[in-house]
Amino acid sequence: MTASIISGKELAQEKRKQLAQEVKELKQQGVVPGLVVILVGDHPASISYIKGKQKASEEIGVAFTLEHFPESMEEKELLDVIEKYNHDESCHGILVQLPLPDHIQEKAVIEKISPLKDVDGFHPLNIGQMMIGEDTFLPCTPAGIVEMIKSANIEIAGKHVVVVGRSNIVGKPVGILLLNEHATVTYCHSRTPDLKEVTKQADILVVAVGRANFITGEHIKENAVVIDVGVNRLETGKLCGDVVFEDAKQIASHITPVPGGVGPMTITMLAHNVVKSARNSAERLQVSKEL
Ligand code: NDP
C-alpha cells in the first residue's frame, strides 16, 4: 500500500476560490480587504515568500501593498510605520516579514502590530486567545496543517500527535491547535533523547525541524499520517522536506508533499486572516452606523 497524498496545492486552490467570493461580497459592501507587507533588507528567501503572498492576494482580490525598506532602517522608524498602518482604515492586515536585521528586536515589532490586524497570528494576545481556544487570528502554518488533516477526513480526537520542533511559529502552536481538537500531544526537540522511540508512537507525525531528509522510515509507525512542514533547498537547487518522502510513502497512510503541501496552505491561511479582519472591520463599521 502506498500513502495517499494530501495536496496542499489543491486544497489551497479550493479555499482561494471561496475567499475570492467573500472578497467580492465585501467589496459590494464598500470594504476592500487590504494587506500591508513590510520588508526590511533584501533577504532572498523573504523576497520569494513575499512574491507568493502577493500572488495569492491578487488572485483573491485583496489589495496588496509592499513597504520595502533598507537593511539600515532603525527600529523606531519601523515601529512608526506599523503605527501608521495600525490607524489606516484601508489596511486590515499588517505582516512584518521575518527574519529582521539583528539590530531590530522582533518582539518589539510583533507587539507593536495591532492585535486586530495581526494576520500572522504572532501577537502575544492572539497567541493567548489561541491557547484558550477563543476565536482569533491563528498562525498560518499551524492553521493550514489542521485544515489539511481535516480535508482528508482524518479523525484527530483521541489520536496521538507527535510534533518534532517547538518553534513559536510552527511547532508549539500546531501542537496547541491539535490539542484543542482533542488529540494527545507530545513535543520533541533537539534535547529529546531517542527521537525514534517517540515518533514511532505517533498516529499523526508533524515534522518542523528544517533539516533535509531528517525523518526516515525508521521514525514512522505503520499507517501514520505524516505532515512534513520543512522546506529545505538542496545543493541541486531542488526543494525537499524534512521527511524522506519515498520512505514515508511506503509506510504512512497519508503524507504531505514538498513542494505542494503545507506551503500553499500557509499562504492561503494568511489570505483567510486578511479577509476575516476585513469582515470584522465591516461589522464594526455597521455597528457604529447603527448607534
Ligand atoms: P526553527 O529553526 O525555529 O525550529 C526548528 C525546531 O527543530 C526547533 O524546535 C529545534 O529544537 C528542532 N530540532 C532541531 N534539531 C533537532 C533534532 N536533531 N531533533 C529534534 N528536533 C530538532 O524552525 P521553524 O519552526 O521556523 O521551521 C521549521 C521548518 O519548517 C523549516 O524548514 C522552515 O523553512 C519550514 N517552514 C515552512 C513553512 C511552510 O509554509 N511550509 C512555514 C514555516 C516554516 P530546539 O528548540 O531544541 O532547538
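Atoms considered below: every heavy atom in the structure, side chains included; atoms not considered: hydrogens, waters and symmetry mates. Read the numbers this way: they start at 1 and go in the same order the structure lists the ligands and their atoms.
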* To do: Report yes if Ser167 has an N/O atom closer than 3.5 Å to an N/O atom of ligand 1; otherwise report no.
  => yes
* Structure fact -> Counting heavy atoms under 4.0 Å, the part of Ile169 that contacts ligand 1 is side chain
* Starting from atom 7 (O) of ligand 1, find the nearest protein heavy-atom neighbour and note its residue, name and distance. => Val209 CA, 3.5 Å
* To do: Report the member of Val170, Thr141, Asp242 with the shortest heavy-atom distance to atom 42 (C) of ligand 1.
  => Thr141
* Asked: Which protein non-hydrogen atom lies closest to atom 10 (C) of ligand 1, naming both residue and atom, and how far is it?
  -> Ser190 N, 4.3 Å
* Do Tyr49 and Gln97 come close enough that some side-chain heavy atom pair is under 4.5 Å? -> yes
* To do: Return the option from Gly241, Gly230, Ala208 holding the heavy atom at the smallest distance from atom 6 (C) of ligand 1.
  => Ala208
* Do you see a donor-acceptor pair shorter than 3.5 Å between the side chains of Gln54 and Glu58? -> yes
* Structure fact -> Result for salt bridge (Lys or Arg N to Asp or Glu O under 4.0 Å) between Lys112 and one of Glu83, Glu106, Glu75 points to Glu83
* Could you tell me which atoms of ligand 1, counted from 1 in the order shown, lie closer than 4.0 angstrom to a heavy atom of Thr266? => 39 (C), 40 (O)
* Asked: Where's the contact between Met265 and ligand 1, heavy-atom distance under 4.0 Å: side chain, backbone, both or neither?
  -> neither
* Asked: Do Asn232 and Asp242 get their side chains close enough for a donor-acceptor pair, meaning under 3.5 Å?
  -> yes
* Asked: Cut-off 3.5 Å, side chains only: do Asn280 and His92 have a donor facing an acceptor?
  -> no
* With atom 8 (C) of ligand 1 as the reference point, say which of Arg166, Lys172, Arg191 has the nearest heavy atom. => Arg166
* Atoms in ligand 1 with a heavy atom of Phe214 nearer than 4.0 Å -> 17 (C), 18 (N), 19 (N)
* Asked: Going by the atom numbers of ligand 1, which of them fall below 4.0 Å from some non-hydrogen atom of Gly263?
  -> 40 (O), 41 (N)
* Does Gln201 offer a backbone N or O that forms a donor-acceptor pair with the side chain of His160 under 3.5 Å? -> yes
* Structure fact -> Given the options Val62, Ile60, Leu66, Leu35 meets side chain to side chain contact (heavy atoms under 4.5 Å, CB included) only with Val62
* **Protein heavy atom at shortest distance from atom 21 (N) of ligand 1** => His189 C, 3.1 Å
* side-chain contact (heavy atoms from CB on, under 4.5 Å) with Glu218: which residues, sequence neighbours excluded? -> Lys196, Thr216
* Structure fact -> Quick note on ligand 1: atoms under 4.0 Å from a heavy atom of Gly165 include exactly 6 (C), 7 (O), 9 (O)
* Around atom 15 (N) of ligand 1, find the nearest protein heavy atom and jot down its residue, atom name and distance. => Arg211 NH2, 3.6 Å
* Could an N or O of ligand 1 be found under 3.5 Å from any N or O of Val231, whether backbone or side chain? -> yes
* **Shared hydrophobic cluster, Val96 / Val119 (ILVMFWY, side-chain heavy atoms < 4.5 Å)** => no
* Given Val229, Ile145, Ile215, which one has a non-hydrogen atom that is nearest to atom 36 (N) of ligand 1? -> Val229
* Does one side chain, of Glu25 or Gln21, offer a donor that lies under 3.5 Å from an acceptor on the other? -> yes
* To which protein heavy atom is atom 31 (C) of ligand 1 closest, and what is the distance rounded to 0.1 Å? -> Gly210 CA, 3.6 Å
* **Beyond-backbone contact of Glu181 with Lys150, side-chain heavy atoms, under 4.5 angstrom** => yes
